[in-house]
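Working notes for the structure below.
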Amino acid sequence: MKANFKFLIPFFSLFYFAAKAQTAHHVTTHQTNKAKIEAIVLDKIHALPEISTFFRKYRKEEPIMMDQEPNPGCKYYFVQVGLSNLDQFRSSYSFYVDPKTFKIFYWDTMDDSGTAMITLAQWRYWRHDHRFNEMHTFRHGKLVVLKE
């Protein structure tokens, strides 16, 4: 019985350390994949013509923030672009990015419908309309300003 016990201790120790090493590798790989995805998300935001222009205009600073990672409540990355003055960040653009498809959505802060994510095509179309900067909603593809 003792011989079997002496044999089992090294065997289980080897199994334990091998499992621990595999878990450590998995955690490192997961963190590496997460870092790669975050880099792609930020690169996609930087590549937008509007953001490139913004950075050229304000080339002294290049603030871009990753405010939120995907979580059970929201499957998207949330990225804000803006300027930082006197320890205060003022966002100029807010985007959601799908981590699987890397599709970018604009967060329309003036949309009162509860579905404030719009496609980049919609944002590029509507942002030049003066009504876009007022509280609004979209009905049948049209921008409707809300009365107070």
Side-chain angles (χ1 to χ4, degrees), residues 9-148:
I9 290 175
F11 177 74
F12 284 117
S13 297
L14 179 63
F15 178 74
Y16 170 77
F17 289 117
K20 190 153 179 88
Q22 186 175 5
T23 302
H25 172 72
H26 175 71
V27 169
T28 305
T29 303
H30 176 69
Q31 289 172 341
T32 303
N33 288 341
K34 182 178 165 189
K36 286 179 185 176
I37 290 171
E38 288 177 0
I40 292 169
V41 165
L42 293 177
D43 287 345
K44 294 280 187 185
I45 297 296
H46 272 287
L48 295 174
E50 296 85 357
I51 302 307
S52 297
T53 301
F54 181 82
F55 283 134
R56 276 194 305 277
K57 185 175 179 180
Y58 299 103
R59 66 188 106 163
K60 291 181 183 177
E61 300 180 51
E62 285 196 20
I64 189 166
M65 292 177 59
M66 178 91 56
D67 270 0
Q68 176 181 311
E69 296 177 350
N71 60 56
C74 180
K75 70 176 188 172
Y76 301 97
Y77 280 96
F78 181 61
V79 181
Q80 289 187 312
V81 179
L83 298 173
S84 184
N85 295 336
L86 304 171
D87 296 332
Q88 184 177 18
F89 183 78
R90 293 179 300 140
S91 65
S92 298
Y93 302 98
S94 300
F95 301 98
Y96 283 101
V97 182
D98 186 325
K100 292 182 181 173
T101 64
F102 298 108
K103 185 172 180 178
I104 301 171
F105 299 91
Y106 181 78
W107 182 38
D108 183 359
T109 58
M110 301 304 282
D111 182 351
D112 196 42
S113 69
T115 57
M117 284 176 40
I118 59 175
T119 66
L120 286 178
Q122 289 171 315
W123 173 58
R124 287 175 173 145
Y125 179 81
W126 288 110
R127 71 184 174 147
H128 299 294
D129 188 321
H130 71 309
R131 300 173 299 158
F132 188 74
N133 294 318
E134 299 176 32
M135 289 302 291
H136 60 266
T137 190
F138 294 96
R139 290 195 190 114
H140 307 292
K142 295 187 179 186
L143 185 133
V144 178
V145 175
L146 300 175
K147 307 270 190 243
E148 288 187 31

Decide yes or no for [X] and [Y]: does some side-chain heavy atom of the first lie under 4.5 Å from some side-chain heavy atom of the second?
X      : Y      : answer
Ser92  : Val81  : no
Arg139 : Thr137 : yes
His136 : Val144 : no
Phe138 : Ile118 : yes
Arg124 : Leu48  : yes
Asp108 : Met110 : yes
Lys100 : Lys75  : no

Does Phe102, at its CZ atom, have more than 12 non-hydrogen atoms belonging to other residues, nucleotides or ligands within less than 6.0 Å? yes
Check the pair Tyr58 / Leu83 against side-chain contact (heavy atoms from CB on, under 4.5 Å), numbers first and verdict last. CA-CA 8 Å; Tyr58 299 103; Leu83 298 173; 3.8 Å; yes
Partners meeting salt bridge (charged side-chain N to carboxylate O under 4.0 Å, His left out) with Asp98 (sequence neighbours left out): none
Qualifying residues under salt bridge (charged side-chain N to carboxylate O under 4.0 Å, His left out), relative to Glu134, sequence neighbours excluded: none
With rounding to the nearest 0.5 angstrom, report the [atom1] to [atom2] distance, [X] to [Y].
X      : Y      : atom1 : atom2 : answer
Leu120 : Glu50  : CG    : CD    : 7.0 Å
Asn133 : Thr109 : CG    : OG1   : 8.5 Å
Leu143 : Arg127 : CG    : CZ    : 14.5 Å
Tyr93  : Trp123 : OH    : CH2   : 5.5 Å
Asp111 : Trp126 : CG    : CH2   : 12.0 Å

Does [X] have any side-chain hydrogen bond (donor to acceptor under 3.5 Å, both in side chains) partners at least two apart in sequence or in another chain, and if so, which?
X      : answer
Arg56  : Thr53
Ser94  : Gln80
Thr119 : Gln122
Asp129 : Arg131

What verdict does the ring pair (Phe, Tyr, Trp, His ring centres under 6.0 Å) test give for Phe105 and Phe95, after you've listed the backbone C-alpha separation in whole Å, the side-chain angles of each residue and the deciding distance to 0.1 Å? CA-CA 6 Å; Phe105 299 91; Phe95 301 98; over 10 Å; no
Check step by step if side-chain contact (heavy atoms from CB on, under 4.5 Å) holds for Tyr77 and Glu38. CA-CA 8 Å; Tyr77 280 96; Glu38 288 177 0; 3.5 Å; yes
Would you please classify the geometry between the Tyr96 ring and the Phe78 ring as parallel, tilted or perpendicular, with 30° and 60° separating the classes? tilted
With distance as the sole test, does Thr101 use its side chain to make a donor-acceptor pair with the main-chain N or O of Lys103 at under 3.5 Å? yes
